[in-house]
Amino acid sequence: MTDAATTMLPAPTTPAGAAAGPGERELPGWLRWVAPVVVGILILAVWIFWVDVLGTAPRMLPSPIAIAEEFVRRFPIILEDMSITATNALIGLVVGSLLALVFAGLAAAARPIDGMLAPLVSALAVIPIVAITPILNTMFGASSQFGRQAVATIAAFIPVFVNVLRGLRQTRPVHRDVLRSSAASGFQTFRVLTLPTALPYLMTGLRIASSLAVIAALVAEYFGGPADGIGTAIATYAKSGRAALAWAYVLGGIIIGLVFFLVTSLLERLATRRSPG
(Lines give C-alpha, C1' and ligand atoms only; values in the text may rest on other atoms or scores of the structure.)
Protein backbone atom coordinates (compact mmCIF):
# COMPACT_ATOMS: atom_id res chain seq x y z
CA MET A 1 0.00 0.00 0.00
CA THR A 2 1.39 3.40 -0.91
CA ASP A 3 1.70 6.37 1.42
CA ALA A 4 -0.41 8.41 -1.00
CA ALA A 5 -3.40 6.21 -0.30
CA THR A 6 -3.04 6.85 3.41
CA THR A 7 -2.92 10.60 2.99
CA MET A 8 -6.09 10.51 0.86
CA LEU A 9 -8.04 9.09 3.79
CA PRO A 10 -9.83 11.61 6.04
CA ALA A 11 -9.25 11.67 9.75
CA PRO A 12 -11.31 9.13 11.72
CA THR A 13 -14.54 10.30 13.26
CA THR A 14 -14.47 10.64 17.03
CA PRO A 15 -17.47 10.13 19.33
CA ALA A 16 -19.69 13.06 20.08
CA GLY A 17 -18.49 15.02 23.07
CA ALA A 18 -14.87 13.93 22.69
CA ALA A 19 -13.78 17.47 21.86
CA ALA A 20 -15.27 20.90 21.70
CA GLY A 21 -16.91 21.70 18.38
CA PRO A 22 -16.60 24.88 16.36
CA GLY A 23 -17.64 27.93 18.33
CA GLU A 24 -17.54 26.05 21.65
CA ARG A 25 -15.12 27.07 24.39
CA GLU A 26 -13.41 24.13 26.04
CA LEU A 27 -13.18 24.39 29.83
CA PRO A 28 -9.70 24.82 31.32
CA GLY A 29 -8.14 21.61 32.55
CA TRP A 30 -7.83 22.82 36.13
CA LEU A 31 -11.51 23.74 36.30
CA ARG A 32 -12.53 20.19 35.44
CA TRP A 33 -10.80 19.00 38.61
CA VAL A 34 -11.57 21.92 40.91
CA ALA A 35 -15.32 22.05 40.19
CA PRO A 36 -16.10 18.49 41.43
CA VAL A 37 -13.94 19.06 44.52
CA VAL A 38 -15.79 22.29 45.37
CA VAL A 39 -19.17 20.61 44.88
CA GLY A 40 -18.07 17.72 47.09
CA ILE A 41 -16.94 20.06 49.86
CA LEU A 42 -20.26 21.92 49.72
CA ILE A 43 -22.20 18.67 49.98
CA LEU A 44 -20.12 17.59 52.99
CA ALA A 45 -20.64 20.96 54.66
CA VAL A 46 -24.42 20.79 54.21
CA TRP A 47 -24.40 17.16 55.39
CA ILE A 48 -22.47 17.99 58.59
CA PHE A 49 -24.68 21.01 59.27
CA TRP A 50 -27.84 18.90 58.84
CA VAL A 51 -26.65 16.03 61.05
CA ASP A 52 -24.41 17.60 63.70
CA VAL A 53 -25.83 21.12 63.98
CA LEU A 54 -29.55 20.84 63.22
CA GLY A 55 -29.85 17.23 64.38
CA THR A 56 -32.87 16.60 62.15
CA ALA A 57 -31.35 14.00 59.83
CA PRO A 58 -32.81 10.47 59.66
CA ARG A 59 -31.41 7.92 62.08
CA MET A 60 -29.69 5.95 59.32
CA LEU A 61 -27.81 9.03 58.09
CA PRO A 62 -24.79 9.47 60.37
CA SER A 63 -22.27 12.28 60.29
CA PRO A 64 -19.49 12.11 57.67
CA ILE A 65 -17.06 12.33 60.58
CA ALA A 66 -18.49 9.14 62.13
CA ILE A 67 -18.36 7.41 58.75
CA ALA A 68 -14.72 8.40 58.28
CA GLU A 69 -13.86 7.13 61.77
CA GLU A 70 -15.47 3.74 61.04
CA PHE A 71 -13.72 3.55 57.69
CA VAL A 72 -10.30 4.18 59.24
CA ARG A 73 -10.94 1.90 62.25
CA ARG A 74 -12.06 -1.07 60.14
CA PHE A 75 -10.03 -0.36 57.04
CA PRO A 76 -8.31 -3.79 56.81
CA ILE A 77 -11.67 -5.60 56.85
CA ILE A 78 -13.28 -3.12 54.47
CA LEU A 79 -10.29 -3.36 52.13
CA GLU A 80 -10.65 -7.15 52.00
CA ASP A 81 -14.30 -6.84 50.94
CA MET A 82 -13.40 -4.07 48.50
CA SER A 83 -10.87 -6.37 46.83
CA ILE A 84 -13.53 -9.04 46.33
CA THR A 85 -16.02 -6.61 44.81
CA ALA A 86 -13.34 -4.97 42.65
CA THR A 87 -12.15 -8.37 41.41
CA ASN A 88 -15.68 -9.40 40.42
CA ALA A 89 -16.22 -6.09 38.65
CA LEU A 90 -12.84 -6.29 36.86
CA ILE A 91 -13.46 -9.84 35.67
CA GLY A 92 -16.90 -8.83 34.44
CA LEU A 93 -15.47 -5.77 32.68
CA VAL A 94 -12.69 -7.69 30.94
CA VAL A 95 -14.79 -10.70 29.90
CA GLY A 96 -17.76 -8.56 28.85
CA SER A 97 -15.53 -6.24 26.81
CA LEU A 98 -13.76 -9.11 25.05
CA LEU A 99 -17.06 -10.78 24.17
CA ALA A 100 -18.43 -7.44 22.97
CA LEU A 101 -15.40 -6.92 20.71
CA VAL A 102 -15.81 -10.35 19.13
CA PHE A 103 -19.54 -10.08 18.56
CA ALA A 104 -19.36 -6.47 17.37
CA GLY A 105 -16.73 -7.48 14.83
CA LEU A 106 -18.91 -10.32 13.59
CA ALA A 107 -21.97 -8.07 13.42
CA ALA A 108 -20.07 -5.42 11.48
CA ALA A 109 -18.67 -7.98 9.05
CA ALA A 110 -21.92 -9.79 8.22
CA ARG A 111 -25.43 -8.38 8.14
CA PRO A 112 -27.09 -11.77 8.87
CA ILE A 113 -25.09 -12.07 12.09
CA ASP A 114 -26.06 -8.51 12.98
CA GLY A 115 -29.71 -9.41 12.47
CA MET A 116 -29.38 -12.43 14.77
CA LEU A 117 -27.49 -10.54 17.48
CA ALA A 118 -29.71 -7.43 17.56
CA PRO A 119 -32.68 -9.03 19.41
CA LEU A 120 -30.36 -10.87 21.80
CA VAL A 121 -28.47 -7.71 22.73
CA SER A 122 -31.77 -5.84 23.13
CA ALA A 123 -33.01 -8.56 25.48
CA LEU A 124 -29.82 -8.43 27.56
CA ALA A 125 -30.05 -4.64 27.79
CA VAL A 126 -33.46 -4.73 29.50
CA ILE A 127 -32.80 -7.61 31.93
CA PRO A 128 -33.13 -6.22 35.49
CA ILE A 129 -30.07 -7.02 37.60
CA VAL A 130 -32.24 -7.70 40.63
CA ALA A 131 -34.16 -10.32 38.64
CA ILE A 132 -31.27 -12.26 37.12
CA THR A 133 -28.87 -12.20 40.09
CA PRO A 134 -30.79 -14.54 42.47
CA ILE A 135 -31.19 -17.02 39.63
CA LEU A 136 -27.49 -17.02 38.78
CA ASN A 137 -26.44 -17.24 42.44
CA THR A 138 -28.72 -20.23 42.98
CA MET A 139 -27.62 -21.82 39.71
CA PHE A 140 -23.89 -21.71 40.50
CA GLY A 141 -24.05 -22.22 44.27
CA ALA A 142 -23.87 -20.09 47.40
CA SER A 143 -20.06 -20.39 47.63
CA SER A 144 -19.27 -19.31 44.07
CA GLN A 145 -18.50 -15.80 42.86
CA PHE A 146 -19.34 -16.79 39.29
CA GLY A 147 -22.94 -15.56 39.46
CA ARG A 148 -21.82 -12.08 40.51
CA GLN A 149 -19.14 -12.01 37.83
CA ALA A 150 -21.67 -13.08 35.22
CA VAL A 151 -23.94 -10.18 36.17
CA ALA A 152 -21.04 -7.74 35.86
CA THR A 153 -20.17 -9.29 32.50
CA ILE A 154 -23.68 -8.73 31.17
CA ALA A 155 -23.65 -5.13 32.41
CA ALA A 156 -20.29 -4.40 30.75
CA PHE A 157 -21.10 -6.18 27.49
CA ILE A 158 -23.91 -3.88 26.33
CA PRO A 159 -22.18 -0.45 26.19
CA VAL A 160 -18.97 -1.86 24.73
CA PHE A 161 -20.84 -3.79 22.04
CA VAL A 162 -22.99 -0.82 21.05
CA ASN A 163 -20.08 1.63 20.92
CA VAL A 164 -17.65 -0.68 19.12
CA LEU A 165 -20.26 -1.65 16.52
CA ARG A 166 -20.96 2.01 15.92
CA GLY A 167 -17.25 2.74 15.59
CA LEU A 168 -16.69 -0.10 13.14
CA ARG A 169 -19.46 1.28 10.96
CA GLN A 170 -17.98 4.77 10.78
CA THR A 171 -15.66 3.81 7.94
CA ARG A 172 -17.25 4.67 4.60
CA PRO A 173 -17.15 2.42 1.53
CA VAL A 174 -15.27 5.06 -0.45
CA HIS A 175 -12.44 5.00 2.10
CA ARG A 176 -12.18 1.22 1.88
CA ASP A 177 -12.25 1.46 -1.92
CA VAL A 178 -9.27 3.82 -1.87
CA LEU A 179 -7.26 1.31 0.13
CA ARG A 180 -8.43 -1.60 -1.99
CA SER A 181 -7.44 0.18 -5.17
CA SER A 182 -3.98 0.70 -3.65
CA ALA A 183 -3.62 -3.09 -3.13
CA ALA A 184 -4.00 -2.84 0.64
CA SER A 185 -4.55 -6.13 2.41
CA GLY A 186 -7.40 -6.72 4.84
CA PHE A 187 -5.03 -6.33 7.78
CA GLN A 188 -3.64 -3.06 6.43
CA THR A 189 -7.17 -1.72 5.95
CA PHE A 190 -8.01 -2.68 9.52
CA ARG A 191 -4.82 -1.11 10.91
CA VAL A 192 -4.90 2.13 8.92
CA LEU A 193 -8.64 2.81 8.71
CA THR A 194 -10.94 0.63 10.79
CA LEU A 195 -8.98 0.44 14.07
CA PRO A 196 -8.15 4.18 14.40
CA THR A 197 -11.77 5.02 13.65
CA ALA A 198 -13.26 2.53 16.12
CA LEU A 199 -10.72 3.02 18.95
CA PRO A 200 -12.27 6.19 20.47
CA TYR A 201 -15.67 4.48 20.46
CA LEU A 202 -14.17 1.44 22.19
CA MET A 203 -12.64 3.59 24.93
CA THR A 204 -15.92 5.45 25.45
CA GLY A 205 -17.69 2.11 25.80
CA LEU A 206 -15.10 0.93 28.32
CA ARG A 207 -15.52 4.08 30.39
CA ILE A 208 -19.28 3.57 30.58
CA ALA A 209 -18.95 -0.17 31.14
CA SER A 210 -16.50 0.26 34.03
CA SER A 211 -19.06 2.10 36.15
CA LEU A 212 -21.84 -0.33 35.20
CA ALA A 213 -19.65 -3.33 36.08
CA VAL A 214 -18.99 -1.96 39.57
CA ILE A 215 -22.66 -1.17 40.13
CA ALA A 216 -23.69 -4.61 38.89
CA ALA A 217 -21.14 -6.36 41.13
CA LEU A 218 -22.34 -4.37 44.16
CA VAL A 219 -26.02 -5.03 43.49
CA ALA A 220 -25.35 -8.72 42.83
CA GLU A 221 -23.86 -9.07 46.31
CA TYR A 222 -27.20 -8.16 47.88
CA PHE A 223 -28.90 -11.26 46.53
CA GLY A 224 -27.26 -14.41 47.83
CA GLY A 225 -23.90 -15.86 46.99
CA PRO A 226 -20.88 -15.86 49.33
CA ALA A 227 -21.09 -13.81 52.52
CA ASP A 228 -18.44 -11.33 51.46
CA GLY A 229 -18.09 -8.23 49.32
CA ILE A 230 -19.11 -4.61 49.78
CA GLY A 231 -22.76 -5.12 48.85
CA THR A 232 -23.28 -7.95 51.35
CA ALA A 233 -21.67 -5.94 54.16
CA ILE A 234 -23.82 -2.87 53.42
CA ALA A 235 -27.01 -4.93 53.56
CA THR A 236 -25.93 -6.72 56.74
CA TYR A 237 -24.94 -3.64 58.75
CA ALA A 238 -27.86 -1.55 57.50
CA LYS A 239 -30.33 -4.19 58.70
CA SER A 240 -28.60 -4.38 62.09
CA GLY A 241 -28.80 -0.61 62.57
CA ARG A 242 -25.05 0.06 62.40
CA ALA A 243 -25.47 3.00 60.07
CA ALA A 244 -21.96 4.47 60.31
CA LEU A 245 -20.35 1.13 59.44
CA ALA A 246 -22.78 0.54 56.58
CA TRP A 247 -21.93 3.97 55.17
CA ALA A 248 -18.22 3.22 55.60
CA TYR A 249 -18.72 0.29 53.23
CA VAL A 250 -20.64 2.59 50.89
CA LEU A 251 -17.54 4.80 50.89
CA GLY A 252 -15.49 1.75 49.94
CA GLY A 253 -17.82 1.10 47.01
CA ILE A 254 -17.53 4.73 45.91
CA ILE A 255 -13.73 4.45 45.94
CA ILE A 256 -13.88 1.34 43.73
CA GLY A 257 -16.17 3.08 41.27
CA LEU A 258 -13.96 6.18 41.15
CA VAL A 259 -10.81 4.13 40.52
CA PHE A 260 -12.46 2.23 37.66
CA PHE A 261 -13.86 5.43 36.17
CA LEU A 262 -10.60 7.40 36.44
CA VAL A 263 -8.48 4.63 34.94
CA THR A 264 -10.78 4.11 31.95
CA SER A 265 -11.18 7.88 31.49
CA LEU A 266 -7.39 8.23 31.39
CA LEU A 267 -7.15 5.44 28.83
CA GLU A 268 -9.85 7.14 26.77
CA ARG A 269 -7.97 10.46 26.78
CA LEU A 270 -4.72 8.75 25.77
CA ALA A 271 -6.42 6.85 22.96
CA THR A 272 -8.15 9.99 21.71
CA ARG A 273 -4.93 12.02 21.72
CA ARG A 274 -3.01 9.35 19.84
CA SER A 275 -5.73 8.88 17.24
CA PRO A 276 -5.09 10.73 13.97
CA GLY A 277 -7.00 14.03 13.72
Side-chain angles (χ1 to χ4, degrees), residues 47 51 57-99 124-160 206 208-264:
W47 188 348
V51 176
R59 184 177 64 88
M60 288 302 294
L61 184 64
S63 169
I65 299 175
I67 296 172
E69 291 175 350
E70 285 286 356
F71 185 81
V72 172
R73 183 182 303 116
R74 302 180 182 273
F75 180 73
I77 301 175
I78 296 176
L79 182 62
E80 183 178 350
D81 285 323
M82 287 174 61
S83 65
I84 294 172
T85 301
T87 300
N88 290 336
L90 182 60
I91 292 175
L93 177 62
V94 172
V95 175
S97 299
L98 291 176
L99 291 175
L124 286 176
V126 298
I127 292 178
I129 295 177
V130 296
I132 194 66
T133 301
I135 298 174
L136 292 176
N137 283 334
T138 303
M139 184 185 304
F140 297 105
S143 60
S144 174
Q145 299 283 355
F146 187 81
R148 298 170 175 178
Q149 295 165 1
V151 173
T153 299
I154 294 173
F157 174 85
I158 304 300
V160 177
L206 285 176
I208 300 171
S210 64
S211 299
L212 293 178
V214 174
I215 293 172
L218 280 168
V219 173
E221 291 170 353
Y222 280 92
F223 302 95
D228 51 23
I230 293 291
T232 303
I234 293 172
T236 300
Y237 292 120
K239 291 176 182 177
S240 63
R242 302 177 68 178
L245 185 54
W247 278 93
Y249 275 94
V250 171
L251 177 59
I254 293 173
I255 293 174
I256 296 173
L258 285 175
V259 170
F260 273 60
F261 178 80
L262 291 175
V263 170
T264 52

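Only a predicted model underlies this, so the values are computations on that prediction, with no experimental measurement involved. In what follows, residues are counted from 1 in the order of the sequence shown.
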Q: Counting only N and O atoms by type, is there a donor-acceptor contact under 3.5 Å from the side chain of Thr85 to the main-chain atoms of Ile230?
A: yes
Q: Give me the atom names and distance for the closest heavy-atom approach of Ala86 to Phe260.
A: O-CZ, 3.6 Å
Q: Per the side chain to side chain contact (heavy atoms under 4.5 Å, CB included) rule, which among Ile234, Thr133, Thr232, Ile129 passes with Tyr222?
A: Ile234
Q: Is there side-chain contact between Trp47 and Leu61, with at least one heavy-atom pair below 4.5 Å?
A: yes
Q: I need the minimum non-hydrogen distance between Ala156 and Ala209, along with the two atoms involved.
A: O-CB, 3.6 Å
Q: Not counting sequence neighbours, list each pair that qualifies as a side-chain hydrogen bond (donor to acceptor under 3.5 Å, both in side chains) and has a residue in residues 239-252.
A: Asp81-Tyr249
Q: Let me confirm one number: the CD1-OG1 distance from Ile84 to Thr87, rounded to the nearest 0.5 Å.
A: 7.5 Å
Q: Measure across Ala152 and Ala216 and return the closest heavy-atom pair with its distance rounded to 0.1 Å.
A: CA-CB, 3.9 Å
Q: From Phe71 CZ over to Leu251 CG, what is the distance, rounded to the nearest 0.5 angstrom?
A: 4.5 Å
Q: Checking Arg74 now: which residues fulfil salt bridge (Lys or Arg N to Asp or Glu O under 4.0 Å) with it, not counting sequence neighbours?
A: Glu70
Q: Looking at every non-hydrogen atom in both residues, tell me the closest pair between Leu212 and Pro159 and how far apart they are.
A: CD1-CG, 3.9 Å
Q: Check the pair Gln149, Val95 against side chain to side chain contact (heavy atoms under 4.5 Å, CB included), reporting the backbone distance first and the verdict last.
A: CA-CA 9 Å; Gln149 295 165 1; Val95 175; over 6 Å; no
Q: Indicate the atoms forming the closest heavy-atom contact of Glu221 with Asn88, along with that distance.
A: OE2-ND2, 4.0 Å
Q: Would you mind reporting whether Val151 and Phe223 have side-chain heavy atoms less than 4.5 Å apart?
A: no
Q: Nearest 0.5 angstrom please: Arg148 CZ to Phe140 CZ, how far?
A: 14.0 Å
Q: To the nearest 0.5 angstrom, please state how far the CG atom of Leu93 sits from the CG atom of Leu98.
A: 9.0 Å
Q: So, taking the atom named CG in Asp228 and the one named CD1 in Ile77, what distance separates them when rounded to the nearest 0.5 Å?
A: 13.0 Å
Q: CD1/Ile127 to CD1/Ile132 distance, rounded to the nearest 0.5 angstrom?
A: 5.5 Å
Q: Of all the heavy-atom pairs spanning Thr264 and Ser210, show the shortest one and how long it is.
A: OG1-OG, 3.2 Å
